[in-house]
**Q** 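The structure that follows is given in the form of structure tokens.
Each chain gets a letter, A, B and so on, in the order its sequence line appears, and its residues count up from 1.
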Amino acid sequence: MAAESEPLIGIDLGTTNSLVATVQDGQPIIIKNRTGQPLTPSVVAVSKNGKRLVGGIAKRQAITNPQETVSAAKRLIGRKFSSHPVQDALRALTYQVVCGQHDDVRVRLAGRDLAVPEVSAMILAELKADAEAHFGRPVTQAVITVPAYFNDGQRQATKDAGRIAGLEVLRIINEPTAAALAYGFGRTVNGKIAVLDLGGGTFDVSVLEINNGIFDVVATGGDTFLGGEDWDHRIIEWMVFGFAKEHGIDLRKDRMALQRLKDAAEKAKVELSSVKETQLHLPFICTPPGGGAALHLQSTLTREKLEELTADLGERLVGITSEVLGEAKVRPSDLKEVILVGGMSRMPRIVEQVRQYFRREPCKGVHAEEVVALGAAIQAHALVGQESELLLLDVTPQSMGVAIAGGYVRRLIPRNTTVPTSATEVFATSKDFQRTVKIMVLQGEHELAHHNELLGEFLLTGLREAPRGQVEIEVTFDINAEGIVSVSARDRDTGLRQSIIVTASSGLTEDELRRIMDEQRDWLVAARNTEELKSKRVELDILARDLVDALSRVRLMPGAGGLSPDVVARAEAALDQARQARGVEDVGALTRACEALAQSLPVLRSAGPRGTPGR
Amino acid sequence: MNALRAKALVEAGLLLRLSGDMAGAEKLFARALELDPGNARARRLLGRDGTLEPSASGGGDTGWNLASPDQEVDWGAYAGPSTPGPVEAPVRESVSLPEGTGMRGDALDLIAEAHRTQEFGLPDTFTPAGGLPEGSEVESLLRGAEDLLSLDDHSGAVELLRRAQSLAPENPRVEALRDRSERILVSMLEARLGDLNRKPRVRLQPDDIIWLNLDHRAGFVLAQIDGEVSFDDLFALSGMSRLDTARILAQLLDEGIIAPGE
């Protein structure tokens with residue numbers, strides 16, 4: 001079967017780090033990136049020499065090149081520029097963000113305004129390339145995870161990012177659902193579970209109800225500005241304070257020093273999850289203002305000290321968890337399992353706090369940051385392999401309804417409804433002699449209309465003049481298998497009908513999307529060409545050096561080592577050709593020049609010392 | 001005319017010496033003395049009775065103005081090897097081509113040649129700084145830079161041109177010369193590093209590193225070297241100009257602090 005041979009991947013597209021996984025020989029495994037790391041930082045940058053950087057390398061220059069480094073794009077994806085979350089996020093961003101034509105968010109990078117899905121696509125393309133390096137063949141199909149609270153627009157934007165990266169997104173699934181799948185809970189658990197995901201930049205709490213393999217998101221919550229980076233910042237502050245006390249210098253003022261502090265803090269935090277103390281060793285961290293020898297930062301950080309520095313952060317985690325459970329009216333004792341997800345959940349203190357709160361041992365895999373990607377890979381495998389018992393159904397992530405009198409919402413389609421689906425409800429006019437009704441299609445869970453997302457609106461006019469409540473309007477929601485929502489309103493008296501089709505939008509039109517995909521293709525071709533040019537030039541340099549070496553030896557031999565003058569002339573001509581080829585951007589010319597050098601080299605090397613060609 | 005030019009060269013040489021480039025300064029003093037043998041200042045700066053002081057490095061001229069490993073060089077002002085007087089027939093460390101091969105030097109020349117003739121369009125001769133008042137400091141610096149370039153000392157020339165540009169930021173001649181010199185210098189330093197796709201690694205233990213004489217910028221670059229990132233990546237993540245990064249990497253390599261890796 002063709003589907004069996006097609007490599008499938010699951011992608012955890014995170015705010016801080018991303019991972020890619022697959023199912024191999026029946027086992028879900030993480031695919032390491034080309035630098036051998038399981039995690040790829042979700043960071044994109046353009047360096048000062050115009051090179052596009054993605055992942056670890058982009059992260060390592062983030063502080064020294066802040067304006068041209070984009071991180072945490074996930075906070076912005078699929079959101080409107082004017083929305084509160086975006087306006088909140090703007091305060092913490094070091095790069096420039098502008099408003100697009102459709103109130104969408106655009107990121108300014110190297111003088112270009114990029115749609116957020118374009119930025120995310122760069123990360124996805126990197127993961128795709130890692131997977132292709134793993135399989136040794138093209139990869140085109142993926143399941144991508146998103147937070148449970150993502151609305152249709154954010155999900156669509158994530159899908160668009162996948163398309164730009166050259167991936168067919170088989171399904172978008174919820175991160176907590178993926179984590180539960182990785183633990184096999186679709187088969188083994190019936191009941192409520194909590195998933196606590198403490199990533200690099202966000203903390204998500206989800207309560208799921210599993211019922212015979214059906215995953216229902218009961219509650220979601222968290223803090224989109226609480227994550228591992230907060231722990232890093234505490235370590236940085238501690239190092240900065242200690243150094244200032246000793247030398248009277250504020251290291252935060254020097255970007256290079258700050259970048260090194262950040263790297264060291266993250267490393268120390270990770271190490272302290274497995275050891276009791278770690279050395280912080282940063283030689284030549286700064287040069288004193290008046291000149292003189294560069295100073296070193298050397299210190300020892302203990303786990304105890306780290307716990308002391310971050311005690312309030314741990315308490316915040318428990319507070320948020322308790323809040324989410326309280327809102328969902330779920331008691332810790334109601335839960336069948338608690339899953340800890342994210343690298344931060346390796347920290348012993350956090351595990352301890354969770355254990356104390358839930359009064360049970362949380363499930364945490366050896367690699368808690370990998371479970372979401374593993375779950376996505378399992379789902380991708382199940383989707384194509386038709387393993388129906390594991391097949392997650394496509395559901396509406398949030399409820400849909402219409403605005404009603406008083407500024408409230410009437411829900412027609414509750415969240416987690418399996419699509420395709422349809423629902424009809426009859427409404428009546430709210431004013432006497434009302435001739436027009438406005439149908440506002442909303443998505444969200446809040447009772448008040450303005451707290452929900454407006455997907456679209458339309459007017460139904462020409463209603464019969466009558467006292468309020470006497471004219472009946474039938475509103476129908478239809479969601480097809482592709483997730484396209486059509487809403488219609490019909491005057492039951494006159495039969496007059498109006499409708500609207502709502503498609504989730506990422507903020508990009510289809511034309512824009514096509515243009516971006518074309519640009520991405522062109523960029524990939526150009527990047528490949530540049531790589532080829534680079535490697536050919538290196539090859540040419542090596543061959544040229546060898547040929548020059550051989551040529552000088554031949555010249556020193558009596559009778560030119562028995563070689564005919566035209567052999568030497570040909571070698572000189574090959575060097576001449578190489579010199580010209582090196583100056584132009586032409587892989588073909590470089591290849592031909594390399595061939596010419598490679599042809600001359602063995603002939604010159606065959607020259608013998610006594611005037612006769614050697615062996 | 002020669003006396004005036006020699007005076008300007010001595011001024012430029014003094015600036016280079018101040019910035020730590022002793023070898024470059026020495027070259028300029030020697031050139032000044034050549035042009036005006038009666039220039040007492042140049043004679044004094046060079047040593048007794050015009051006898052040139054012996055080279056600090058003691059090594060032969062590579063013709064590439066790259067510091068030899070045993071040379072003590074300030075990180076902020078990377079210097080070329082000092083040579084006893086003007087170089088007429090340089091003794092190259094690298095493989096040289098004998099007369100008659102049709103080639104000017106060695107394989108590294110081949111690389112630099114491409115940059116000079118095709119990419120950068122370096123003119124055969126340098127003309128005096130146009131549009132600048134005779135005797136001005138910028139003019140002195142430009143002349144010094146031109147002389148150093150004619151002696152293939154791009155490192156010293158860049159130092160002078162940077163200073164000239166700070167004095168005359170809008171001068172297109174200064175800008176063009178500086179840009180070109182920097183590019184050539186970068187390509188020479190890159191040739192020193194070899195294949196930029198190689199991933200260098202640190203050869204010393206952390207306890208040994210703290211005894212080195214590095215500044216914080218070199219410390220930063222050194223901290224990024226972990227055997228996982230290539231030279232090319234280091235250019236991208238250093239946050240410094242390509243020239244400054246190449247200088248530091250070449251120095252770390254020369255000092256044996258890092259190995260080029262695979």
**Q** Tell me whether Arg34(A) at atom CZ has more than 12 heavy atoms from other residues, nucleotides or ligands lying less than 6.0 Å away.
**A** yes

**Q** Does the side chain of Leu237(B) come within less than 4.5 Å of Ile57(A)'s, by heavy atoms?
**A** yes

**Q** Give the member of Arg537(A), Arg260(A), Gln61(A) that has the highest number of heavy-atom pairs under 4.5 Å with chain B.
**A** Arg260(A)

**Q** Measuring from Asp215(B):CG to Phe284(A):CZ, what's the distance to the nearest 0.5 Å?
**A** 9.0 Å

**Q** Could you tell me the separation between the CZ atom of Phe220(B) and the CG atom of Asp254(A), rounded to the nearest 0.5 Å?
**A** 9.0 Å

**Q** Without swapping roles, check the side chain of Arg60(A) against the backbone of Gln224(B) for a donor-acceptor pair under 3.5 Å.
**A** yes

**Q** If you tally heavy-atom pairs under 4.5 Å against chain A, which of Gly194(B), Gly239(B), Ser238(B) wins?
**A** Gly239(B)

**Q** Among His281(A), Gln279(A), Gln298(A), exactly one meets side chain to side chain contact (heavy atoms under 4.5 Å, CB included) together with Pro206(B). Which residue is that?
**A** His281(A)

**Q** For atom CZ of Arg203(B), decide whether the heavy atoms of other residues, nucleotides or ligands shown that lie under 6.0 angstrom number more than 12.
**A** no

**Q** Search all heavy atoms of Leu214(B) against all heavy atoms of Ala294(A) and return the closest pair with its distance.
**A** O-CB, 3.5 Å

**Q** Counting only non-hydrogen atoms closer than 4.5 Å, does Ile285(A) touch chain B with its backbone (N, CA, C, O), its side chain (CB onward), both, or neither?
**A** backbone

**Q** Taking C-beta and beyond as the side chain, do Lys534(A) and Asp232(B) meet within less than 4.5 Å on heavy atoms?
**A** yes

**Q** Kindly compute the distance separating NE2 (His216(B)) from OG1 (Thr287(A)), expressed to the nearest 0.5 Å.
**A** 4.5 Å

**Q** What distance do Arg242(B) atom CZ and Ser47(A) atom OG have between them, rounded to the nearest 0.5 Å?
**A** 8.5 Å

**Q** Shortest non-hydrogen contact from Pro283(A) to Ile210(B)?
**A** CB-CG2, 3.9 Å

**Q** A side-chain contact here means heavy atoms from C-beta on lying under 4.5 Å apart; do Asp233(B) and Lys51(A) qualify?
**A** yes

